[in-house]
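Structure first, then comments.
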Amino acid sequence: MEKMHNVLSKSVRGLSYTLSALIIIVVFYVAVFGVFSESYLRVGMLFIGGLLILLLYSERSESLTDKLLALITAVFLSVAVYQYFRAAAEIETGLYFLTSKDILLGTLGLVAVIELTRRSVGMVMAGVAAFVLIYGAFGQFAPGFMRHAGITSEELIQVLWFSFDGVFGRPMATVVSTILIFIIFGAVLEFLTIDKVLVKLALAATGRVRSGPAAAATVASGLFGTISGSAVANVVGTGVITIPLIKKRGFKPHFAGAVEAAASSGGQITPPIMGAVAFIMADVTGQPYLTICLAATIPAILYYAGLFMAISSAAREMDIEPNAPPKWDFTWREVAQIIVFMISLTSIVVAMVGGSSPAYSGFIGVAFAIVLGFALKPKLLADIQSWMTFIRSAGMISAQLVVIVGAVGIIIGILNLTGVGLRFASLVASYADGQLAVSLILMALACLLLGMGMPTVPAYLIIVLVMGPALQKLGVPIIHTHMFVLYFGVLSAVTPPVALAAFAAAPIAGAGAMRTAIEASRLALPGFVIPFAFVYQPAMLLGTGYELLASAQSILFVTLAVLLISRACYPSKGKARYSPIGLALALALLFVGPMVSWIATAATIAVFFIERFSNTLTPKNS
């Protein structure tokens with residue numbers, strides 16, 4: 001019996017590696033040669049990814065019930081995909097009419113997607129998808145503005161499963177044709193251990209500053225976070241190195257975890273890749289990818305500037321003294337690895353500027369990383385264990401992302417069918433009574449609520465569909481609208497009560513989860529204000545049609561406001577009295593007209609001067 005169990009385990013493991021390798025091969029093919037068939041690519045990737053997830057989770061689980069549930073899910077997914085492929089040609093032309101068998105099998109497919117989502121990212125995302133699906137089926141009985149006119153089961157399944165408007169809609173198309181190559185790019189960098197060298201570089205670069213490893217965590221997480229599609233994955237990847245070093249420097253455990261959580265979340269808003277959101281935003285808005293990157297650059301810099309200021313102020317508040325910088329010796333191979341990272345990232349941007357598609361540009365980056373990386377570390381070519389880890393990691397992360405956007409497709413399909421997003425926009429407008437500030441606050445809270453417990457890509461897509469119309473109805477430009485939504489979707493990862501990034505960092509730091517989340521929110525506070533600046537200082541987003549002088553003015557005002565807020569969150573000992581003044585000046589800089597903002601600028605410089613030299617200017621009592 002035990003021998004049979006071992007044979008079965010090896011077979012499952014071998015099949016999972018085969019499916020992972022197949023995903024990687026398909027991604028490379030699509031990046032180089034383009035999409036061979038929309039139906040077969042989208043549906044096939046969901047099928048392969050779904051089976052891979054079921055195999056890997058069954059392999060880890062000892063529960064017979066769990067294995068049986070996985071088998072049932074696999075059957076549901078298989079029969080639903082088979083039925084789709086039977087009618088693929090008619091579906092693509094829009095001339096397919098559903099039978100009762102189609103409705104049943106399509107329903108089983110939706111159930112399978114929700115169960116796969118639960119296994120991939122937990123109950124929150126799966127629960128939202130299930131709730132929205134039930135709402136679509138029975139929303140005609142809902143109270144108030146949530147009630148819709150009713151949707152027949154045929155129409156529901158037609159849109160959600162047998163069309164390109166639901167599970168296999170535009171988000172799925174963007175992920176399988178564009179984003180997965182960048183997931184593989186991140187896995188390649190980990191395979192080549194470049195992520196660890198980046199952490200070492202960050203530690204060396206920040207060794208002289210008071211906050212030391214905390215500042216290093218910010219740099220490393222920002223560098224690797226832009227490639228990683230998940231703040232939680234970034235926390236786990238870099239946090240195991242940085243968090244113990246931050247604690248060793250003298251920071252409290254909850255603060256160490258909060259720094260890593262806030263910094264890792266910021267990677268999702270940092271160009272050029274922005275955790276793959278940049279490509280989806282370009283697709284949804286119809287704006288060029290490079291325009292999105294240019295618009296996102298200044299806000300990302302300001303987010304990390306605020307984080308640096310907050311960490312530095314906190315170090316002073318905790319009486320952490322600067323010490324001699326640790327000596328970090330880089331071997332020639334490590335220096336070369338850093339150069340490989342820079343060349344690979346640069347090649348992606350250069351290829352895009354040259355007119356290549358995002359997917360092909362990503363392939364070029366992967367090619368540079370692989371060729372140069374193996375030239376530096378030829379032994380990796382024969383390291384079977386590292387290859388297996390890379391194949392499984394790249395395949396699993398890709399599979400999870402495909403399944404997640406499948407669940408997002410359910411939500412988007414229902415929202416489009418019911419029009420609840422537009423009704424929500426009208427409701428917000430009626431509550432705010434034309435007050436832009438009130439509308440923005442309501443929307444920020446709704447974005448945080450909708451984004452809780454979700455990875456960045458699905459959070460952004462769901463929020464922008466529900467909240468986007470409300471913002472645009474207020475006259476906010478499209479890129480500013482999407483950036484506003486993205487920031488609050490990302491920051492939901494550090495916002496209690498469901499702060500996934502902070503909760504992932506807490507056990508590594510040995511701290512309480514909620515205390516870590518509250519501290520992460522405090523550190524990231526400027527990030528909660530920056531989105532409002534998109535609306536009140538719109539010229540700060542470069543490349544959105546404003547003159548250079550107007551952009552420089554807006555950037556100056558927002559920079560000073562971010563620094564004031566960061567210092568107010570962690571005032572130096574004996575200088576807490578300046579915090580209310582700083583917050584008041586930050587509000588004047590951001591939300592009032594240019595004349596008042598220039599007066600506030602002069603007052604801010606005066607406050608910085610007085611605060612800096614107050615000990616010198618104040619006579620000591622004899």
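Just so it is clear, the values below take in all heavy atoms, side chains as well, and ignore hydrogens, waters and symmetry mates.
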If we ignore hydrogens and angles and just use 3.5 Å, is the side chain of Ser554 paired with the main-chain N or O of Ser551 as donor and acceptor? no

Do Phe330 and Ile338 have side chains that approach each other closer than 4.5 Å (heavy atoms only, starting at C-beta)? yes

Nearest 0.5 Å, what's the CD-CG distance between Gln337 and Leu372? 11.5 Å

Under 4.5 Å between any side-chain heavy atoms of Met540 and Leu302, yes or no? yes

Within a radius of less than 6.0 Å around CG of Leu548, do more than 12 heavy atoms belonging to other residues, nucleotides or ligands occur? no

Start with the C-alpha gap between Trp332 and Leu376, add the side-chain angles, then the distance that decides, and say whether side-chain contact (heavy atoms from CB on, under 4.5 Å) holds. CA-CA 10 Å; Trp332 70 268; Leu376 288 173; 3.7 Å; yes

How close do Ser347 and Gly365 get, heavy atom to heavy atom, and via which atoms? OG-CA, 3.5 Å

Could you tell me the separation between the CD1 atom of Ile48 and the CD1 atom of Ile23, rounded to the nearest 0.5 Å? 6.0 Å

Counting only heavy atoms not in Lys377, do more than 12 sit closer than 6.0 Å to its NZ atom? yes

Within the side chain of Glu334, is there an N or O that forms a donor-acceptor pair under 3.5 Å with the backbone of Thr331? yes

Does CZ in Arg515 sit with more than 12 non-hydrogen atoms of other residues, nucleotides or ligands closer than 6.0 Å? no

Assess the pair Tyr487 and Phe534: is the distance between their ring centroids shorter than 6.0 Å? yes

Looking at Tyr17, I'd like to know if the NZ or CZ of Arg392 sits under 6.0 Å from its six-membered ring centre while staying within 45 degrees of the ring's axis. yes

Does any non-hydrogen side-chain atom of Tyr303 lie less than 4.5 Å from one of Leu307? yes

Side chain Trp387, main chain Ala382, donor-acceptor under 3.5 Å: no

Start with the C-alpha distance between Ile555 and Leu542, add both sets of side-chain angles, then the distance that settles side-chain contact (heavy atoms from CB on, under 4.5 Å), and finish with yes or no. CA-CA 10 Å; Ile555 291 167; Leu542 301 178; 4.1 Å; yes

Looking only at atom types and distance, does a side-chain atom of Lys247 sit under 3.5 Å from a main-chain N or O of Lys252, one as donor and one as acceptor? no

Which residue pairs satisfy the side chain to side chain donor-acceptor pair (under 3.5 Å) criterion with at least one member in residues 351-374, sequence neighbours excluded? none

Output the distance between atom CG (Leu55) and atom OG1 (Thr18), rounded to the nearest 0.5 Å. 10.0 Å

Ile179 vs Val405, side-chain contact (heavy atoms from CB on, under 4.5 Å): CA-CA, chis, key distance, verdict: CA-CA 12 Å; Ile179 291 176; Val405 293; over 6 Å; no

Which heavy atom of Val349 sits nearest a heavy atom of Pro272, and at what distance? CG2-CB, 3.9 Å

Heavy-atom closest pair (Val27 atom, Ile184 atom, distance to 0.1 Å) is CG1-CD1, 3.5 Å

Hey, does Phe28 have a side-chain heavy atom less than 4.5 Å from the side chain of Leu180? no

Do Tyr304 and Phe308 make the cut of ring centroids closer than 6.0 angstrom? no

Heavy atoms, side chains only, cut-off 4.5 Å: are Ser313 and Ser566 in contact? no

To the nearest 0.5 Å, atom CZ of Phe341 lies from atom OG1 of Thr346 at 9.0 Å

Reference residue Gln400; test side-chain contact (heavy atoms from CB on, under 4.5 Å); the match among Ile53, Ile183, Thr117: Ile53

Is the backbone N or O of Cys569 less than 3.5 Å from a side-chain atom of Arg522, with the two atoms forming a donor-acceptor pair by type? yes

Is the ring pair Phe191/Phe374 parallel, tilted or perpendicular, if the boundaries are 30 and 60 degrees? perpendicular

Rounded to the nearest 0.5 Å, how far does OG of Ser120 lie from CD1 of Ile404? 6.0 Å

Result for side-chain contact (heavy atoms from CB on, under 4.5 Å) between Met172 and one of Leu41, Leu401, Leu46 points to Leu46

Can you tell if the side chain of Leu563 reaches within under 4.5 Å of the side chain of Phe608, non-hydrogen atoms only? yes

For Arg13, give me all partners under salt bridge (charged side-chain N to carboxylate O under 4.0 Å, His left out), at least two apart in sequence or on another chain. Glu59

Derivation of the ring-ring contact (aromatic ring centres under 6.0 Å, His included) call for Phe182 and Phe279: CA-CA 10 Å; Phe182 292 94; Phe279 305 108; 4.5 Å; yes

Side chain proximity check, Val402 to Arg42, heavy atoms < 4.5 angstrom: no

Answer with yes or no whether the side chains of Gln287 and Thr291 bring together a donor and an acceptor at under 3.5 Å. no

Minimal heavy-atom distance between Pro244 and Gly239, with the atoms involved, is CD-O, 3.5 Å

Test item: Tyr570 and Arg316 side chains (from C-beta on) under 4.5 Å apart, heavy atoms: no

I need the Phe255 CZ to Ile311 CD1 distance, nearest 0.5 Å. 5.5 Å

Are there over 12 heavy-atom neighbours, none belonging to Phe368, within less than 6.0 Å of that residue's CZ? no

If I compare all heavy atoms of Leu541 with all of Pro299, which pair ends up nearest, and what's the gap? CD2-CG, 3.5 Å

Are Thr238 and Lys196 close enough that a side-chain donor and a side-chain acceptor fall under 3.5 Å? no

Using every non-hydrogen atom in the two residues, find where Val494 and Ala501 come nearest and quote the distance to one decimal. CG1-CB, 4.4 Å

side-chain contact (heavy atoms from CB on, under 4.5 Å) assessment of Val408 paired with Met125: CA-CA 9 Å; Val408 169; Met125 181 74 197; 3.6 Å; yes

